[in-house]
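Just so you know, these numbers come straight off a predicted model, no measurement behind them.
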Amino acid sequence: MHTDKSKNTAYLYYARMSDRLSYNSKDASELAEMLLTRALDELFGITLSKEERAKGPHGKPYLPNRPKVHYNISHSGRFVLCAVSGVPVGIDIQQKRIVDVAKVGKKIFPDDEYRKFLKSETMQEDFFRKWVLRESYLKWTGEGITKDLRELKTEGWHQFIHLHRDYMCALWAGKPLDIHIKEI
């Protein structure tokens, strides 16, 4: 059991679904459940099926009888991720795709940041970097998208994680963590 070490570490378990099959959100949720089950067993000796589960006021899941065990899940496209730690964490992954970033960016960036963003030669890439940062932050705090994203004041620590060139991923926590990544 890695309880003491997990206070300074985030464990990222992930799986990549096959390109040959079609998947839906139910499939991704089932895979996320499998990743969480495995991570909790390997890291903490916890049998997930025997644990009570709950959700915070804005939907962040947690284990009420295990206050020193924190987890967060994200999926997009072919990737499903589960971050587990001894401290609160937020994880987000987004498959990069062509979106009307000028339109969407106006809703999530403060005015000064939005003006800089519009002049960027890497607007699509910048958009997804900013998006996963905001989303992982909100998942870390447990707030969800409950307020104007243009007014989001962030604190804490984050790390981008490279899993594939067509995806952007970020982990957020209250302090720097060592990150151990395991593909399942």
Side-chain angles (χ1 to χ4, degrees), residues 1-21 23-95 131-146 154-164 166-184:
M1 190 177 332
H2 303 265
T3 305
D4 292 337
K5 190 176 181 184
S6 67
K7 291 179 182 176
N8 297 313
T9 306
Y11 299 90
L12 179 61
Y13 282 57
Y14 78 94
R16 183 184 343 218
M17 296 185 267
S18 169
D19 290 336
R20 288 178 269 159
L21 304 172
Y23 298 94
N24 58 39
S25 61
K26 182 181 178 211
D27 297 323
S29 294
E30 288 172 0
L31 186 51
E33 187 78 3
M34 186 272 301
L35 291 173
L36 178 61
T37 297
R38 184 161 174 181
L40 291 176
D41 180 52
E42 288 181 6
L43 300 171
F44 297 97
I46 294 172
T47 303
L48 183 60
S49 62
K50 296 180 181 178
E51 291 295 318
E52 180 183 346
R53 294 162 89 170
K55 291 187 179 184
H58 301 291
K60 185 174 183 178
Y62 68 99
L63 304 173
N65 297 323
R66 305 285 184 161
K68 295 181 180 180
V69 177
H70 302 271
Y71 70 94
N72 202 240
I73 292 169
S74 184
H75 60 83
S76 180
R78 301 275 179 209
F79 282 86
V80 178
L81 296 90
C82 176
V84 178
S85 184
V87 297
V89 291
I91 189 83
D92 190 51
I93 187 166
Q94 291 294 319
Q95 184 176 18
W131 183 259
V132 297
L133 282 179
R134 281 172 167 72
E135 187 76 19
S136 62
Y137 174 81
L138 292 169
K139 291 175 80 176
W140 168 62
T141 64
E143 294 174 86
I145 301 178
T146 59
T154 56
E155 59 186 359
W157 170 88
H158 70 272
Q159 179 69 49
F160 287 104
I161 298 165
H162 179 75
L163 296 176
H164 188 278
D166 294 334
Y167 291 79
M168 189 66 67
C169 180
L171 176 84
W172 204 291
K175 64 180 184 174
L177 300 173
D178 292 326
I179 301 172
H180 296 265
I181 301 172
K182 183 174 186 173
E183 183 173 11
I184 304 298

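Of the inter-residue distances, the one linking L177 atom CG with Q159 atom CD reads 10.0 Å to the nearest 0.5 angstrom. In this structure, D92 CG and H75 NE2 are separated by 10.5 Å, a value rounded to the nearest 0.5 Å. Here the straight-line distance linking atom CD1 of I181 with atom CG of L171 works out to 9.0 Å at 0.5 Å rounding. To the nearest 0.5 Å, atoms CG (L138) and NZ (K60) are separated by 10.5 Å. Remark: L31 CG to M17 CE distance equals 6.0 Å, nearest 0.5 Å. The CD atom of Q95 sits 7.0 Å away from the CG atom of D166 when rounded to the nearest 0.5 Å.
Shortest non-hydrogen contact noted between E143 and T141 is OE2-OG1, 2.8 Å. Considering every non-hydrogen atom in both W140 and E155, the closest pair reads CZ3-O, 3.6 Å. When all heavy atoms are compared, the tightest approach of S136 to A170 is CB-O, 3.5 Å. Looking at every heavy atom in both residues, W131 comes nearest to Q94 through CD1-CG, 3.5 Å. Here the shortest heavy-atom pairing between L35 and C82 reads CB-CB, 3.9 Å.
If you check the side chains of Y13 and E42, you find a donor sitting under 3.5 Å from an acceptor.
Enclosure of atom NZ in K175 by more than 12 non-hydrogen atoms of other residues, nucleotides or ligands within 6.0 angstrom is indicated.
The closest side-chain heavy-atom distance from I184 to M34 is below 4.5 Å.
Applying the ring-ring contact (aromatic ring centres under 6.0 Å, His included) criterion to Y167, with sequence neighbours excluded, gives F79, H164. Scored by the ring-ring contact (aromatic ring centres under 6.0 Å, His included) test, H158 finds F160, W172 as partners (sequence neighbours excluded). By the side-chain hydrogen bond (donor to acceptor under 3.5 Å, both in side chains) test, K26 is found to be paired with no residue, residues two or more places apart in sequence or in another chain being considered.
S74 places no side-chain N or O within donor-acceptor distance of the main-chain N or O of L81, the cut-off being under 3.5 Å. The backbone N or O of I91 sits less than 3.5 Å from a side-chain atom of N72, completing a donor-acceptor pair. Distance alone, capped at 3.5 Å, places no donor-acceptor pair between the K7 side chain and the K68 backbone.
In summary, of the residues considered (V84, I46, L63), a side-chain contact (heavy atoms from CB on, under 4.5 Å) with L36 occurs for V84 alone.
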